[in-house]
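Have a look at the structure below before the remarks.
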Amino acid sequence: MSAVSAPPPPPTRLLGLQLSRLNQRRLANFRRNRRGFWSFWIFWVLFALTLPAEFIANDRPLVVRFDGSYYFPVLATYPETTFGGDFATEAEYRDPFVVELIEEKGWILWPLVSYSYDTVNYDLKQPAPSPPDAENWLGTDDQARDVVARVLYGYRISVLFGLLLTLFSAAVGIAAGAVQGYFGGWVDLLFQRFIEIWQGLPLLYLLIILASVVEPNFWWLLGLLLLFRWMGLVGVVRAEFLRARNFDFVKAARALGQSNRRIMWRHVLPNAMVSTLTFLPFVLTGSVAVLTSLDFLGFGLPPGSPSLGELLNQGKRNLQAPWLGFTAFLALAVMLSLLVFIGEAVRDAFDPRKTYAGEDGA
(Lines give C-alpha, C1' and ligand atoms only; values in the text may rest on other atoms or scores of the structure.)
Protein backbone atom coordinates (compact mmCIF):
# COMPACT_ATOMS: atom_id res chain seq x y z
CA MET A 1 0.00 0.00 0.00
CA SER A 2 1.52 3.29 -1.06
CA ALA A 3 2.11 6.00 1.49
CA VAL A 4 -0.27 8.89 1.49
CA SER A 5 1.49 12.14 0.66
CA ALA A 6 1.18 15.05 3.03
CA PRO A 7 -1.29 17.75 2.01
CA PRO A 8 0.23 20.89 0.47
CA PRO A 9 0.78 23.85 2.78
CA PRO A 10 -2.02 26.36 2.94
CA PRO A 11 -1.62 29.35 0.61
CA THR A 12 -0.08 32.48 2.05
CA ARG A 13 -1.79 35.83 1.58
CA LEU A 14 -0.06 39.18 1.37
CA LEU A 15 -2.18 42.36 1.24
CA GLY A 16 -5.16 40.24 0.25
CA LEU A 17 -3.32 38.47 -2.61
CA GLN A 18 -2.78 34.73 -2.61
CA LEU A 19 0.87 33.85 -3.09
CA SER A 20 2.13 30.84 -5.02
CA ARG A 21 4.56 28.41 -3.44
CA LEU A 22 7.42 30.04 -5.32
CA ASN A 23 6.52 33.50 -4.02
CA GLN A 24 6.06 32.07 -0.54
CA ARG A 25 9.67 30.87 -0.62
CA ARG A 26 10.81 34.25 -1.91
CA LEU A 27 8.96 36.02 0.90
CA ALA A 28 10.50 33.62 3.41
CA ASN A 29 13.98 34.34 2.02
CA PHE A 30 13.32 38.06 2.31
CA ARG A 31 12.26 37.70 5.94
CA ARG A 32 15.27 35.52 6.65
CA ASN A 33 17.54 38.44 5.83
CA ARG A 34 16.92 40.18 9.14
CA ARG A 35 18.92 43.29 8.27
CA GLY A 36 17.01 43.87 5.06
CA PHE A 37 13.65 42.92 6.57
CA TRP A 38 13.94 45.39 9.46
CA SER A 39 15.42 48.03 7.14
CA PHE A 40 12.31 47.68 4.98
CA TRP A 41 10.00 48.44 7.90
CA ILE A 42 12.19 51.21 9.33
CA PHE A 43 12.37 52.93 5.94
CA TRP A 44 8.61 52.90 5.38
CA VAL A 45 7.87 53.94 8.97
CA LEU A 46 10.18 56.95 8.58
CA PHE A 47 8.61 57.80 5.24
CA ALA A 48 5.11 57.46 6.69
CA LEU A 49 6.04 59.84 9.52
CA THR A 50 7.20 62.48 7.04
CA LEU A 51 4.09 62.31 4.85
CA PRO A 52 1.97 64.40 7.28
CA ALA A 53 4.86 66.84 7.78
CA GLU A 54 2.47 69.81 7.85
CA PHE A 55 0.89 68.36 11.01
CA ILE A 56 4.25 67.78 12.70
CA ALA A 57 6.25 70.89 11.78
CA ASN A 58 4.33 74.05 10.88
CA ASP A 59 4.13 77.70 11.81
CA ARG A 60 0.35 77.42 11.78
CA PRO A 61 -1.49 75.95 14.78
CA LEU A 62 -3.32 72.67 14.45
CA VAL A 63 -6.42 73.89 16.30
CA VAL A 64 -7.49 77.30 17.58
CA ARG A 65 -10.45 77.76 19.91
CA PHE A 66 -11.60 81.36 19.92
CA ASP A 67 -14.80 82.81 21.35
CA GLY A 68 -16.48 79.40 21.48
CA SER A 69 -15.62 78.40 17.91
CA TYR A 70 -12.95 76.04 16.59
CA TYR A 71 -10.58 76.94 13.75
CA PHE A 72 -8.04 74.79 11.92
CA PRO A 73 -5.33 77.06 10.53
CA VAL A 74 -3.26 74.09 9.32
CA LEU A 75 -6.04 73.34 6.83
CA ALA A 76 -7.53 76.75 6.11
CA THR A 77 -6.52 80.41 5.96
CA TYR A 78 -8.10 82.90 8.33
CA PRO A 79 -7.66 86.70 8.35
CA GLU A 80 -6.43 88.45 11.44
CA THR A 81 -9.84 90.12 11.85
CA THR A 82 -11.30 86.68 12.67
CA PHE A 83 -9.49 86.82 16.00
CA GLY A 84 -10.12 90.49 16.71
CA GLY A 85 -7.14 91.93 14.85
CA ASP A 86 -6.99 94.99 12.62
CA PHE A 87 -5.84 93.57 9.26
CA ALA A 88 -7.78 91.55 6.69
CA THR A 89 -4.64 89.66 5.67
CA GLU A 90 -3.75 86.20 6.90
CA ALA A 91 -3.09 86.00 10.61
CA GLU A 92 0.53 85.69 11.69
CA TYR A 93 0.14 83.15 14.47
CA ARG A 94 3.69 83.55 15.75
CA ASP A 95 3.10 87.26 16.33
CA PRO A 96 2.80 87.84 20.10
CA PHE A 97 -0.04 90.30 19.47
CA VAL A 98 -2.13 87.67 17.62
CA VAL A 99 -1.30 85.04 20.24
CA GLU A 100 -2.47 87.39 23.00
CA LEU A 101 -5.72 88.11 21.13
CA ILE A 102 -6.50 84.41 20.78
CA GLU A 103 -5.57 83.43 24.33
CA GLU A 104 -7.84 86.13 25.78
CA LYS A 105 -10.87 84.17 24.52
CA GLY A 106 -9.51 80.69 23.89
CA TRP A 107 -6.38 78.61 23.37
CA ILE A 108 -3.93 77.43 20.68
CA LEU A 109 -2.73 73.88 19.95
CA TRP A 110 0.63 73.94 18.14
CA PRO A 111 2.30 71.10 16.21
CA LEU A 112 5.23 69.28 17.76
CA VAL A 113 7.60 71.67 15.93
CA SER A 114 6.20 75.17 15.62
CA TYR A 115 8.21 75.99 12.50
CA SER A 116 7.73 75.19 8.85
CA TYR A 117 10.62 74.58 6.46
CA ASP A 118 10.64 78.24 5.36
CA THR A 119 9.85 79.90 8.71
CA VAL A 120 12.47 82.41 9.80
CA ASN A 121 13.06 82.61 13.53
CA TYR A 122 13.53 86.29 14.32
CA ASP A 123 13.96 85.68 18.06
CA LEU A 124 17.33 83.92 17.99
CA LYS A 125 19.64 84.59 20.88
CA GLN A 126 22.68 84.15 18.63
CA PRO A 127 23.36 85.03 15.01
CA ALA A 128 22.33 82.41 12.48
CA PRO A 129 23.26 79.63 12.15
CA SER A 130 22.47 79.16 15.82
CA PRO A 131 23.30 75.96 17.75
CA PRO A 132 20.68 73.49 19.01
CA ASP A 133 18.59 74.60 21.97
CA ALA A 134 15.20 73.93 23.54
CA GLU A 135 13.41 75.93 20.83
CA ASN A 136 15.30 74.65 17.78
CA TRP A 137 16.28 71.08 18.59
CA LEU A 138 18.85 70.79 15.80
CA GLY A 139 19.66 74.46 15.57
CA THR A 140 18.99 76.75 12.63
CA ASP A 141 20.62 77.15 9.25
CA ASP A 142 22.35 80.27 7.96
CA GLN A 143 18.97 81.86 7.18
CA ALA A 144 17.55 81.26 10.69
CA ARG A 145 15.27 78.39 9.55
CA ASP A 146 14.64 75.41 11.80
CA VAL A 147 16.78 72.42 10.82
CA VAL A 148 14.33 69.82 12.15
CA ALA A 149 11.56 71.13 9.91
CA ARG A 150 13.85 71.29 6.87
CA VAL A 151 15.07 67.72 7.41
CA LEU A 152 11.49 66.48 7.83
CA TYR A 153 10.25 68.12 4.63
CA GLY A 154 13.50 67.39 2.78
CA TYR A 155 13.32 63.67 3.59
CA ARG A 156 9.79 63.53 2.22
CA ILE A 157 10.70 65.31 -1.02
CA SER A 158 13.76 63.11 -1.54
CA VAL A 159 11.85 59.85 -1.13
CA LEU A 160 8.88 61.00 -3.22
CA PHE A 161 11.19 62.19 -5.98
CA GLY A 162 13.14 58.94 -5.89
CA LEU A 163 9.99 56.78 -5.96
CA LEU A 164 8.46 58.68 -8.88
CA LEU A 165 11.69 58.71 -10.86
CA THR A 166 12.20 54.99 -10.22
CA LEU A 167 8.62 54.16 -11.20
CA PHE A 168 8.62 56.15 -14.44
CA SER A 169 12.15 55.18 -15.48
CA ALA A 170 11.39 51.50 -14.78
CA ALA A 171 8.25 51.65 -16.94
CA VAL A 172 10.10 53.26 -19.87
CA GLY A 173 13.22 51.13 -19.46
CA ILE A 174 11.29 47.85 -19.25
CA ALA A 175 9.25 48.72 -22.34
CA ALA A 176 12.35 49.69 -24.33
CA GLY A 177 14.30 46.61 -23.25
CA ALA A 178 11.36 44.34 -24.04
CA VAL A 179 11.03 45.67 -27.58
CA GLN A 180 14.76 45.35 -28.18
CA GLY A 181 15.11 41.85 -26.81
CA TYR A 182 11.94 40.38 -28.28
CA PHE A 183 12.28 41.58 -31.86
CA GLY A 184 16.10 41.65 -32.04
CA GLY A 185 17.71 42.16 -35.46
CA TRP A 186 17.69 45.69 -36.83
CA VAL A 187 15.36 46.91 -34.08
CA ASP A 188 17.86 45.87 -31.44
CA LEU A 189 20.85 47.17 -33.42
CA LEU A 190 19.40 50.62 -34.09
CA PHE A 191 18.09 50.96 -30.53
CA GLN A 192 21.51 50.08 -29.10
CA ARG A 193 23.23 52.70 -31.26
CA PHE A 194 20.65 55.29 -30.12
CA ILE A 195 21.26 54.42 -26.45
CA GLU A 196 25.02 54.74 -26.91
CA ILE A 197 24.61 58.24 -28.36
CA TRP A 198 22.02 59.25 -25.75
CA GLN A 199 24.20 58.07 -22.86
CA GLY A 200 27.05 60.20 -24.16
CA LEU A 201 25.13 63.46 -23.65
CA PRO A 202 26.50 65.43 -20.67
CA LEU A 203 23.57 65.62 -18.25
CA LEU A 204 25.20 68.11 -15.88
CA TYR A 205 26.00 70.52 -18.70
CA LEU A 206 22.43 70.30 -19.96
CA LEU A 207 21.14 71.10 -16.47
CA ILE A 208 23.46 74.11 -16.21
CA ILE A 209 22.33 75.43 -19.58
CA LEU A 210 18.62 74.86 -18.98
CA ALA A 211 18.82 76.28 -15.44
CA SER A 212 19.89 79.59 -16.97
CA VAL A 213 16.78 79.60 -19.18
CA VAL A 214 14.03 78.30 -16.86
CA GLU A 215 13.80 77.98 -13.09
CA PRO A 216 13.98 74.29 -12.18
CA ASN A 217 11.23 72.79 -10.04
CA PHE A 218 10.19 69.35 -8.85
CA TRP A 219 8.41 68.24 -12.03
CA TRP A 220 10.90 69.90 -14.35
CA LEU A 221 13.78 68.02 -12.73
CA LEU A 222 11.79 64.79 -12.72
CA GLY A 223 11.09 65.03 -16.45
CA LEU A 224 14.66 65.97 -17.35
CA LEU A 225 16.23 63.17 -15.29
CA LEU A 226 13.70 60.70 -16.68
CA LEU A 227 15.13 61.37 -20.15
CA PHE A 228 18.36 59.72 -19.01
CA ARG A 229 17.57 57.45 -16.04
CA TRP A 230 15.36 55.03 -18.01
CA MET A 231 18.40 53.41 -19.61
CA GLY A 232 19.49 51.79 -16.35
CA LEU A 233 17.14 48.80 -16.70
CA VAL A 234 17.23 48.38 -20.48
CA GLY A 235 20.20 46.03 -20.50
CA VAL A 236 18.73 43.67 -17.90
CA VAL A 237 15.31 43.42 -19.55
CA ARG A 238 16.83 43.14 -23.04
CA ALA A 239 19.01 40.22 -21.99
CA GLU A 240 16.05 38.38 -20.45
CA PHE A 241 13.90 38.85 -23.56
CA LEU A 242 16.74 37.80 -25.85
CA ARG A 243 17.12 34.62 -23.79
CA ALA A 244 13.41 33.81 -23.53
CA ARG A 245 12.17 34.66 -27.02
CA ASN A 246 13.34 31.28 -28.40
CA PHE A 247 11.97 29.16 -25.56
CA ASP A 248 9.47 26.44 -26.43
CA PHE A 249 6.54 28.09 -24.66
CA VAL A 250 7.07 31.28 -26.69
CA LYS A 251 7.20 29.30 -29.95
CA ALA A 252 4.06 27.46 -28.90
CA ALA A 253 2.27 30.74 -28.21
CA ARG A 254 3.24 32.01 -31.66
CA ALA A 255 2.01 28.80 -33.25
CA LEU A 256 -1.33 29.26 -31.51
CA GLY A 257 -1.65 32.67 -33.17
CA GLN A 258 -1.18 34.90 -30.14
CA SER A 259 -0.07 38.45 -30.86
CA ASN A 260 3.43 39.67 -30.09
CA ARG A 261 2.10 42.09 -27.51
CA ARG A 262 0.26 39.34 -25.66
CA ILE A 263 3.27 37.03 -25.73
CA MET A 264 5.55 39.79 -24.39
CA TRP A 265 3.12 40.78 -21.65
CA ARG A 266 1.79 37.40 -20.52
CA HIS A 267 4.65 34.99 -21.14
CA VAL A 268 8.04 36.71 -21.33
CA LEU A 269 7.71 39.76 -19.07
CA PRO A 270 7.06 37.77 -15.84
CA ASN A 271 10.41 36.01 -16.34
CA ALA A 272 12.18 39.30 -16.97
CA MET A 273 10.64 40.93 -13.89
CA VAL A 274 12.50 38.57 -11.56
CA SER A 275 15.89 40.10 -12.36
CA THR A 276 14.40 43.57 -12.78
CA LEU A 277 12.90 43.68 -9.30
CA THR A 278 16.29 43.00 -7.74
CA PHE A 279 17.61 46.19 -9.32
CA LEU A 280 14.76 48.53 -8.30
CA PRO A 281 15.92 49.29 -4.71
CA PHE A 282 19.36 50.23 -6.07
CA VAL A 283 17.74 52.38 -8.79
CA LEU A 284 15.78 54.14 -6.03
CA THR A 285 19.02 54.73 -4.13
CA GLY A 286 20.59 56.30 -7.21
CA SER A 287 17.51 58.46 -7.84
CA VAL A 288 17.66 59.91 -4.32
CA ALA A 289 21.41 60.44 -4.61
CA VAL A 290 21.17 62.29 -7.94
CA LEU A 291 18.64 64.79 -6.55
CA THR A 292 20.83 65.34 -3.49
CA SER A 293 23.87 65.89 -5.70
CA LEU A 294 22.09 68.44 -7.90
CA ASP A 295 20.81 70.32 -4.84
CA PHE A 296 24.31 70.31 -3.37
CA LEU A 297 25.70 71.82 -6.58
CA GLY A 298 22.90 74.39 -6.79
CA PHE A 299 21.19 72.99 -9.92
CA GLY A 300 18.35 71.17 -8.20
CA LEU A 301 15.17 72.41 -6.56
CA PRO A 302 14.43 76.16 -6.43
CA PRO A 303 16.15 78.23 -3.72
CA GLY A 304 14.35 77.95 -0.39
CA SER A 305 13.01 74.45 -1.03
CA PRO A 306 13.59 71.93 1.75
CA SER A 307 16.49 69.85 0.51
CA LEU A 308 18.99 67.55 2.16
CA GLY A 309 21.55 68.43 -0.51
CA GLU A 310 21.13 72.15 0.13
CA LEU A 311 21.50 71.55 3.88
CA LEU A 312 24.67 69.57 3.19
CA ASN A 313 25.99 72.48 1.15
CA GLN A 314 25.26 74.82 4.04
CA GLY A 315 27.30 72.56 6.30
CA LYS A 316 30.21 72.86 3.86
CA ARG A 317 29.94 76.65 3.80
CA ASN A 318 29.53 76.99 7.58
CA LEU A 319 32.21 74.86 9.16
CA GLN A 320 31.70 76.76 12.41
CA ALA A 321 28.22 75.16 12.60
CA PRO A 322 28.95 71.42 12.55
CA TRP A 323 25.36 70.49 13.40
CA LEU A 324 24.32 71.36 9.84
CA GLY A 325 26.71 68.95 8.15
CA PHE A 326 26.23 66.20 10.74
CA THR A 327 22.43 66.38 10.51
CA ALA A 328 22.34 66.28 6.71
CA PHE A 329 24.94 63.51 6.57
CA LEU A 330 23.12 61.41 9.17
CA ALA A 331 19.76 61.76 7.39
CA LEU A 332 21.26 60.78 4.03
CA ALA A 333 23.37 57.98 5.50
CA VAL A 334 20.37 56.41 7.24
CA MET A 335 18.14 56.70 4.18
CA LEU A 336 20.64 55.32 1.66
CA SER A 337 21.86 52.57 4.01
CA LEU A 338 18.31 51.35 4.55
CA LEU A 339 17.71 51.28 0.79
CA VAL A 340 20.92 49.33 0.17
CA PHE A 341 20.03 46.78 2.85
CA ILE A 342 16.55 46.41 1.33
CA GLY A 343 18.12 45.88 -2.09
CA GLU A 344 20.36 43.15 -0.73
CA ALA A 345 17.38 41.39 0.86
CA VAL A 346 15.37 41.57 -2.39
CA ARG A 347 18.36 40.20 -4.30
CA ASP A 348 18.60 37.27 -1.89
CA ALA A 349 14.85 36.68 -2.10
CA PHE A 350 14.99 36.24 -5.89
CA ASP A 351 18.26 34.29 -5.93
CA PRO A 352 17.44 30.96 -7.66
CA ARG A 353 20.02 29.10 -5.58
CA LYS A 354 18.13 30.07 -2.42
CA THR A 355 14.63 30.05 -3.88
CA TYR A 356 14.85 26.50 -5.15
CA ALA A 357 17.01 25.14 -2.34
CA GLY A 358 15.40 22.05 -0.93
CA GLU A 359 12.78 21.96 -3.68
CA ASP A 360 13.53 18.32 -4.51
CA GLY A 361 12.90 17.33 -0.95
CA ALA A 362 9.76 19.40 -0.55
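Counting from 1, the numbers follow the sequence of the chain as shown. Side-chain atoms are counted along with the backbone in the values below, which use heavy atoms only and exclude waters and symmetry mates.
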Compare every heavy atom of [Y] with every heavy atom of [X], then report the nearest pair and how far apart it is.
X      : Y      : result
Leu336 : Thr285 : CD2-CG2, 3.8 Å
Ala176 : Trp230 : CB-CZ3, 3.9 Å
Gln126 : Pro131 : OE1-CD, 3.5 Å
Val250 : Arg245 : CG1-O, 3.3 Å
Pro216 : Gly300 : CG-O, 3.2 Å
Ala128 : Ala144 : CB-N, 3.7 Å

Practice task
Just do the ring-ring contact (aromatic ring centres under 6.0 Å, His included) check on Phe83 and Tyr71 with the steps written out, would you?
Solution key: CA-CA 10 Å; Phe83 308 108; Tyr71 302 90; 5.3 Å; yes

Any link between [X] and [Y] through a network of hydrophobic side chains (Ile, Leu, Val, Met, Phe, Trp, Tyr) touching at under 4.5 Å?
X      : Y      : answer
Leu201 : Leu226 : yes
Phe168 : Met231 : yes
Leu277 : Leu269 : yes
Val172 : Leu224 : yes
Ile263 : Phe183 : yes

Give, for atom [atom1] of [X] and atom [atom2] of [Y], the distance between the pair rounded to the nearest 0.5 Å.
X      : Y      : atom1 : atom2 : value
Asn260 : Trp265 : CG    : CH2   : 15.5 Å
Ile342 : Ser39  : CD1   : OG    : 6.0 Å
Leu338 : Ile42  : CG    : CD1   : 6.0 Å
Asn33  : Trp38  : CG    : CH2   : 13.0 Å
Tyr93  : Trp110 : OH    : CH2   : 9.0 Å
Lys316 : Leu311 : NZ    : CG    : 13.0 Å

Are [X] and [Y] linked by a side-chain donor-acceptor pair shorter than 3.5 Å?
X      : Y      : result
Glu196 : Gln192 : no
Asn29  : Arg26  : no
Tyr115 : Glu135 : yes
Asn136 : Asp146 : yes

Contact check, side chains of [X] and [Y], non-hydrogen atoms, under 4.5 Å:
X      : Y      : result
Arg238 : Asp188 : yes
Tyr182 : Val187 : no
Pro79  : Phe87  : no
Val64  : Pro73  : yes
Phe72  : Leu62  : no
Leu339 : Pro281 : no
Leu324 : Pro129 : yes
Phe30  : Phe350 : no

Handout entry: Worked verdict on Ile195 versus Val234 for side-chain contact (heavy atoms from CB on, under 4.5 Å)
Key = CA-CA 9 Å; Ile195 290 178; Val234 171; 3.7 Å; yes

Strictly distance-based, threshold 3.5 Å: is any side-chain N or O of [X] a donor or acceptor partner for the main-chain N or O of [Y]?
X      : Y      : answer
Thr50  : Phe47  : yes
Glu80  : Glu90  : no
Glu92  : Val98  : no
Asp295 : Leu301 : yes
Thr82  : Tyr78  : no
Arg156 : Leu51  : yes
Ser130 : Pro127 : no
Ser116 : Thr119 : no
Tyr153 : Ala57  : yes
Arg94  : Ser114 : yes

Does atom [atom1] of [X] have more than 12 heavy-atom neighbours from other groups under 6.0 Å away?
X      : atom1 : answer
Trp41  : CH2   : no
Asp248 : CG    : no
Tyr155 : OH    : yes
Phe194 : CZ    : yes
Phe247 : CZ    : yes
Phe249 : CZ    : yes

Problem - Qualifying residue for side chain to side chain contact (heavy atoms under 4.5 Å, CB included) with Leu280, from Leu233, Leu167, Val346 - result: Leu233

Practice task
Could you tell me how the ring of Phe218 sits relative to the ring of Phe161: parallel (under 30°), tilted (30 to 60°) or perpendicular (over 60°)?
Solution key: perpendicular

Practice task
Please confirm whether Arg65 makes a cation-pi placement over Tyr70, using NZ or CZ under 6.0 Å from the six-membered ring centre and within 45° of the ring normal.
Solution key: yes

Handout entry: Cationic tip of Arg35 above Phe341 ring, under 6.0 Å, 45° of axis
Key = yes

Handout entry: Residues Met335, Val288; criterion side-chain contact (heavy atoms from CB on, under 4.5 Å); working and verdict
Key = CA-CA 9 Å; Met335 183 197 311; Val288 173; 3.4 Å; yes

Problem - Trace of the side-chain contact (heavy atoms from CB on, under 4.5 Å) decision for Leu227 with Trp198 - result: CA-CA 9 Å; Leu227 294 177; Trp198 197 250; 4.2 Å; yes

Handout entry: Asp141 and Arg150: CA distance, side-chain angles, deciding distance, salt bridge (Lys or Arg N to Asp or Glu O under 4.0 Å) verdict
Key = CA-CA 9 Å; Asp141 63 4; Arg150 292 191 66 80; 3.7 Å; yes

Exercise for the section: With side-chain contact (heavy atoms from CB on, under 4.5 Å) as the test, would you mind laying out the steps for Arg266 and Arg261 before giving the verdict? Expected result: CA-CA 8 Å; Arg266 294 291 300 275; Arg261 183 175 63 179; over 6 Å; no

Exercise for the section: Show the numbers, then the answer: is there a salt bridge (Lys or Arg N to Asp or Glu O under 4.0 Å) between Lys105 and Glu100? Expected result: CA-CA 9 Å; Lys105 298 182 179 181; Glu100 184 179 352; over 6 Å; no

